[in-house]
Amino acid sequence: PCRAEGWARMAVERQRLQAGDGGAPADVLADLYARYGGQVVGRCRYLLGDAEAEDAAQEVFARALLHLDAFRNEASPLTWLLRIATHHCLNVLRADRARWKEEVRRLALVRPVGEDGADRRALVRSLLARFDLQTQACAIHYLVDEMSQEEVAQAVGLSVPTVRKRVRAFVAAAREALGLPPEEST
């Protein structure tokens with residue numbers, strides 16, 4: 001019911017914007033932000049850290065507004081926005097690749113000393129930086145968003161076996177970086 005309500009709201013918002021009746025783009029954007037802003041900012045904060053999260057979230061909503069006509073009712077509005085956020089943040093990380101390489105060297109891919117969330121996020125970002133954008137997207141959608149492999153495959157445009165292979169490679173690298181034994185094959 002909640003997912004269907006989200007689809008219906010997004011369809012109405014899209015029709016309202018396209019028809020030009022009753023809803024200025026700013027109204028649609030404000031409505032999307034009011035409903036989903038917290039989750040989008042949270043995703044950006046998880047991937048980029050506190051300093052860049054707000055700016056990234058604003059960019060996500062600007063892109064969503066520009067591409068509102070691209071929304072298909074195959075996913076909920078939240079899933080659509082989180083996909084935009086994930087791809088935007090991964091692009092920001094890729095643009096800052098030199099900075100990440102320096103951070104990876106600094107962290108030396110060792111287990112964080114404390115249980116501080118900032119240390120864990122830094123380690124996750126350093127692990128993500130070791131992979132291409134599609135593998136990063138697969139890992140985030142599957143491990144963070146808890147999407148099924150089928151949903152991930154559809155979101156990133158890969159086959160399910162390829163998604164499975166990329167997620168396994170990411171998990172293996174993460175386990176190695178943390179000094180954990182490899183997972184046993186089943």
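Each residue takes its place number in the sequence, starting with 1.
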Visitor: Between Val156 and Val160, is there shared hydrophobic-cluster membership here, with clusters defined by ILVMFWY side-chain heavy atoms closer than 4.5 Å?
Guide: no
Visitor: Could you please spell out the steps behind the side-chain contact (heavy atoms from CB on, under 4.5 Å) verdict for Leu32 and Leu65?
Guide: CA-CA 9 Å; Leu32 286 172; Leu65 185 61; 5.8 Å; no
Visitor: Can you name the residues that form a salt bridge (charged side-chain N to carboxylate O under 4.0 Å, His left out) with Arg63, not counting sequence neighbours?
Guide: Glu59
Visitor: Just verifying a value: how many Å separate Leu133 CG and Cys138 SG, rounded to the nearest 0.5 Å?
Guide: 11.0 Å
Visitor: Provide the closest heavy-atom pair for Ala155 versus His87 in the form atom of the first, atom of the second, distance.
Guide: O-NE2, 4.5 Å
Visitor: For a quick test of reading the model, state the closest non-hydrogen atom pair linking Ala173 to Phe131 and the distance between them.
Guide: CB-CZ, 3.5 Å
Visitor: So which atom in Val60 and which in Ala85 form the shortest heavy-atom distance, rounded to 0.1 Å?
Guide: CG2-CA, 3.5 Å
Visitor: Could you tell me which non-hydrogen atom of Leu78 sits nearest to which non-hydrogen atom of Gln39, and how far apart they are?
Guide: CD1-CB, 3.7 Å
Visitor: Given His141, which partner from the list Arg83, Glu146, Gln154 fulfils the side chain to side chain contact (heavy atoms under 4.5 Å, CB included) test?
Guide: Arg83
Visitor: Taking all non-hydrogen atoms of both residues into account, name the closest pair between Ala53 and Cys44 and its distance.
Guide: O-CB, 3.7 Å
Visitor: Take Tyr46 and Ile140 through the side-chain contact (heavy atoms from CB on, under 4.5 Å) test and state the conclusion after the steps.
Guide: CA-CA 10 Å; Tyr46 183 81; Ile140 291 166; 5.7 Å; no
Visitor: Going from OG1 on Thr135 to CZ on Arg168, what distance comes out if it is rounded to the nearest 0.5 angstrom?
Guide: 14.0 Å
Visitor: Phe61 vs Tyr33 aromatic rings, parallel, tilted or perpendicular, using cut-offs 30° and 60°?
Guide: perpendicular
Visitor: Supply the atom-to-atom distance Asp132 CG to Leu90 CG, rounded to the nearest 0.5 angstrom.
Guide: 10.0 Å
Visitor: With sequence neighbours excluded, tell me which residues meet salt bridge (charged side-chain N to carboxylate O under 4.0 Å, His left out) with Asp50.
Guide: Arg45
Visitor: Do the non-hydrogen side-chain atoms of Val92 and Glu52 ever get within less than 4.5 Å of each other?
Guide: yes
Visitor: Evaluate whether atom CD of Glu150 has more than 12 neighbouring non-hydrogen atoms of other residues, nucleotides or ligands under 6.0 angstrom away.
Guide: yes
Visitor: So Leu128 and Leu47, side-chain contact (heavy atoms from CB on, under 4.5 Å) or not? Walk me through it.
Guide: CA-CA 9 Å; Leu128 284 169; Leu47 292 172; 3.8 Å; yes
Visitor: Nearest 0.5 Å, what's the CG-CD distance between Leu127 and Glu176?
Guide: 10.0 Å
Visitor: Can you name the residues that form a side chain to side chain donor-acceptor pair (under 3.5 Å) with Thr162, not counting sequence neighbours?
Guide: Ser159
Visitor: Of the non-hydrogen atoms in Ser148 and Tyr142, which two are nearest, and what is the gap between them?
Guide: C-CD1, 4.3 Å
